[in-house]
Trainee: 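Take this structure, written in structure tokens, and hold onto it; I'll ask about it next.
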Amino acid sequence: VVSFSQAADDDDSARTRITLVVSACAGDGKTSVAANLAAAFAETGKRVVVVNGDFRRPAVSKRLLEHPPAVLPYSLDDLATTPLLSLLQRTSTQNIALFDLSSVKASPGNLARATSRLMPDIVEMSDAVVIDSSPVGLTAEVLDLLPLADTVVMVIRLGHTLSATAQRTLEMLHGLS
């Protein structure tokens with residue numbers, strides 16, 4: 001796991017931290033890392049919201065829920081006026097909630113922008129936010145989520161991720177942050 005933190009003030013140690021978990025390729029293990037990171041935060045007593053940011057291949061709900069995720073009965077336009085609590089799903093792990101818009105009928109780009117717009121409300125009701133993103137080199141949605149992150153964790157799978165691909169992804173992330 002390679003990680004880097006964006007600049008933060010020493011004064012903001014009490015504020016909610018947003019961790020964006022990324023990878024260069026599908027199958028690198030970022031969803032497992034995101035779920036386990038959320039569980040580690042929750043074990044310390046933090047209220048954690050896990051955000052699905054991979055709208056093309058959403059998998060984090062399968063890791064966190066004992067049942068299929070709820071299909072949200074909202075349109076993209078409804079999200080602006082829908083109370084955030086009705087968009088969160090309880091998980092079997094104490095102190096972890098799931099925010100997953102993947103069932104809303106809209107393009108992945110529009111879902112990423114809607115997630116970004118709702119992030120201040122998510123932050124306000126949690127102690128930590130963990131975003132499971134799509135692979136960096138494969139989709140543009142991560143570009144909407146990257147500016148929100150305090151910390152970016154890049155997952156590299158041994159024997160799966162080519163070192164040149166990982167290096168390009170890391171350079172891209174540093175260039176965008």
Side-chain angles (χ1 to χ4, degrees), residues 1-24 26-72 74 79 82-104 111-112 114-136 141-142 144-158 173 177:
V1 175
V2 176
S3 74
F4 62 90
S5 293
Q6 297 191 13
D9 296 330
D10 291 336
D11 303 352
D12 64 1
S13 61
R15 75 176 177 83
T16 299
R17 297 292 183 176
I18 300 173
T19 303
L20 177 67
V21 181
V22 301
S23 66
D28 281 342
K30 66 178 176 44
T31 298
S32 295
V33 169
N36 288 325
L37 183 60
F41 286 146
E43 280 187 23
T44 68
K46 292 187 177 195
R47 296 170 299 141
V48 183
V49 175
V50 177
V51 176
N52 172 44
D54 189 348
F55 303 106
R56 297 168 195 269
R57 293 182 52 189
V60 74
S61 61
K62 293 175 189 165
R63 300 266 183 197
L64 298 176
L65 301 175
E66 294 177 345
H67 49 78
V71 175
L72 298 176
Y74 307 109
L79 296 177
T82 302
L84 182 61
L85 284 176
S86 63
L87 299 173
L88 294 175
Q89 297 180 58
R90 295 184 72 107
T91 69
S92 58
T93 305
Q94 185 177 354
N95 292 332
I96 297 180
L98 174 66
F99 179 81
D100 185 354
L101 296 181
S102 63
S103 67
V104 175
L111 292 173
T115 298
S116 295
R117 283 191 302 273
L118 292 167
M119 195 58 66
D121 295 330
I122 294 170
V123 164
E124 190 174 307
M125 64 179 351
S126 60
D127 300 316
V129 176
V130 177
I131 304 172
D132 179 37
S133 78
S134 57
V136 173
E141 290 82 47
V142 73
D144 289 306
L145 302 171
L146 185 62
L148 305 172
D150 298 299
T151 303
V152 176
V153 176
M154 183 173 149
V155 179
I156 300 168
R157 182 173 165 195
L158 185 64
L173 287 169
S177 60

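Computed from a predicted model, the values in this text were never measured in an experiment. These values consider heavy atoms only, across backbone and side chains, with no hydrogens, waters or symmetry-generated copies. Numbering of residues begins at 1 and proceeds along the displayed sequence.
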Trainee: Check whether Asn95 reaches the backbone of Val48 with its side chain - one donor and one acceptor, N or O, closer than 3.5 Å.
Mentor: no
Trainee: Side chain to side chain contact (heavy atoms under 4.5 Å, CB included) for Phe41 and Asp127? Distances and angles first, verdict last.
Mentor: CA-CA 9 Å; Phe41 286 146; Asp127 300 316; over 6 Å; no
Trainee: Would you check if Thr115 and Phe55 make a side-chain contact, meaning some heavy-atom pair closer than 4.5 Å?
Mentor: yes
Trainee: Please determine whether side chain to side chain contact (heavy atoms under 4.5 Å, CB included) holds for the pair Met125 and Leu88, giving the CA-CA distance in whole Å, both sets of side-chain angles, and the decisive distance to 0.1 Å.
Mentor: CA-CA 11 Å; Met125 64 179 351; Leu88 294 175; 3.5 Å; yes
Trainee: Would you compute the distance between atom OG of Ser92 and atom NE2 of His67 and round it to the nearest 0.5 angstrom?
Mentor: 8.0 Å
Trainee: Compute whether any side-chain donor of one residue and acceptor of the other, for Arg17 and Thr151, lie under 3.5 angstrom apart.
Mentor: no
Trainee: In Å, rounded to the nearest 0.5 Å, how long is the span from CG of Leu72 to OG of Ser86?
Mentor: 8.0 Å
Trainee: Knowing that exactly one of Ile131, Leu145, Leu146 qualifies, which makes a side-chain contact (heavy atoms from CB on, under 4.5 Å) with Val152?
Mentor: Leu146
Trainee: With heavy-atom distances below 4.5 Å as the criterion, would you say the side chains of Ile18 and Val123 are in contact?
Mentor: yes
Trainee: Just how far is it from atom CG of Leu84 to atom CD of Glu124, taken to the nearest 0.5 Å?
Mentor: 9.5 Å
Trainee: What's the separation between atom CZ in Arg47 and atom OG in Ser126, rounded to the nearest 0.5 Å?
Mentor: 6.5 Å
Trainee: Atom CD1 of Ile96 and atom CD of Gln89: how far apart are they, to the nearest 0.5 Å?
Mentor: 13.5 Å
Trainee: Which atoms form the tightest heavy-atom contact between Ser103 and Ala70, and what is the distance?
Mentor: OG-O, 3.8 Å
Trainee: Are Asp54 and Lys30 close enough, and set up right, to give a salt bridge (Lys or Arg N to Asp or Glu O under 4.0 Å), and what steps lead you there?
Mentor: CA-CA 10 Å; Asp54 189 348; Lys30 66 178 176 44; 3.4 Å; yes
Trainee: Are Ile122 and Phe99 close enough that some pair of their side-chain heavy atoms sits under 4.5 Å apart?
Mentor: yes
Trainee: Would you say that Val155 contacts Val22 through its side chain, given a criterion of any heavy-atom pair below 4.5 Å between the two side chains?
Mentor: no
Trainee: State, to 0.1 Å, how close Pro135 and Ala24 come at their nearest heavy-atom pair, and which atoms those are.
Mentor: CB-O, 3.9 Å
Trainee: Kindly compute the distance separating OH (Tyr74) from CG (Leu79), expressed to the nearest 0.5 Å.
Mentor: 9.0 Å
Trainee: Is any side-chain heavy atom of Leu85 closer than 4.5 Å to a side-chain heavy atom of Leu87?
Mentor: no
Trainee: If you compare all heavy atoms of Val130 against all heavy atoms of Ala34, which two are closest, and at what distance to 0.1 Å?
Mentor: CG1-O, 3.7 Å
Trainee: Contact between Leu148 and Leu20 at the side-chain level, heavy atoms closer than 4.5 Å - yes or no?
Mentor: no
Trainee: Test of understanding: with side chain to side chain donor-acceptor pair (under 3.5 Å), list the residues that count as partners of Thr19, not counting sequence neighbours.
Mentor: none
Trainee: Of the options Asp100, Thr31, Asp132, which is the one that meets Asn52 in a side-chain hydrogen bond (donor to acceptor under 3.5 Å, both in side chains)?
Mentor: Asp100
Trainee: Do Ser133 and Glu141 make a side-chain contact, defined as non-hydrogen atoms from C-beta onward lying under 4.5 Å apart?
Mentor: no
Trainee: Output, in order, the C-alpha distance, side-chain angles, deciding distance and verdict of side-chain hydrogen bond (donor to acceptor under 3.5 Å, both in side chains) for Arg63 and Ser32.
Mentor: CA-CA 8 Å; Arg63 300 266 183 197; Ser32 295; 3.0 Å; yes
Trainee: Kindly indicate whether the side chain of Met119, heavy atoms from C-beta on, has any atom under 4.5 Å from the side chain of Val51.
Mentor: yes
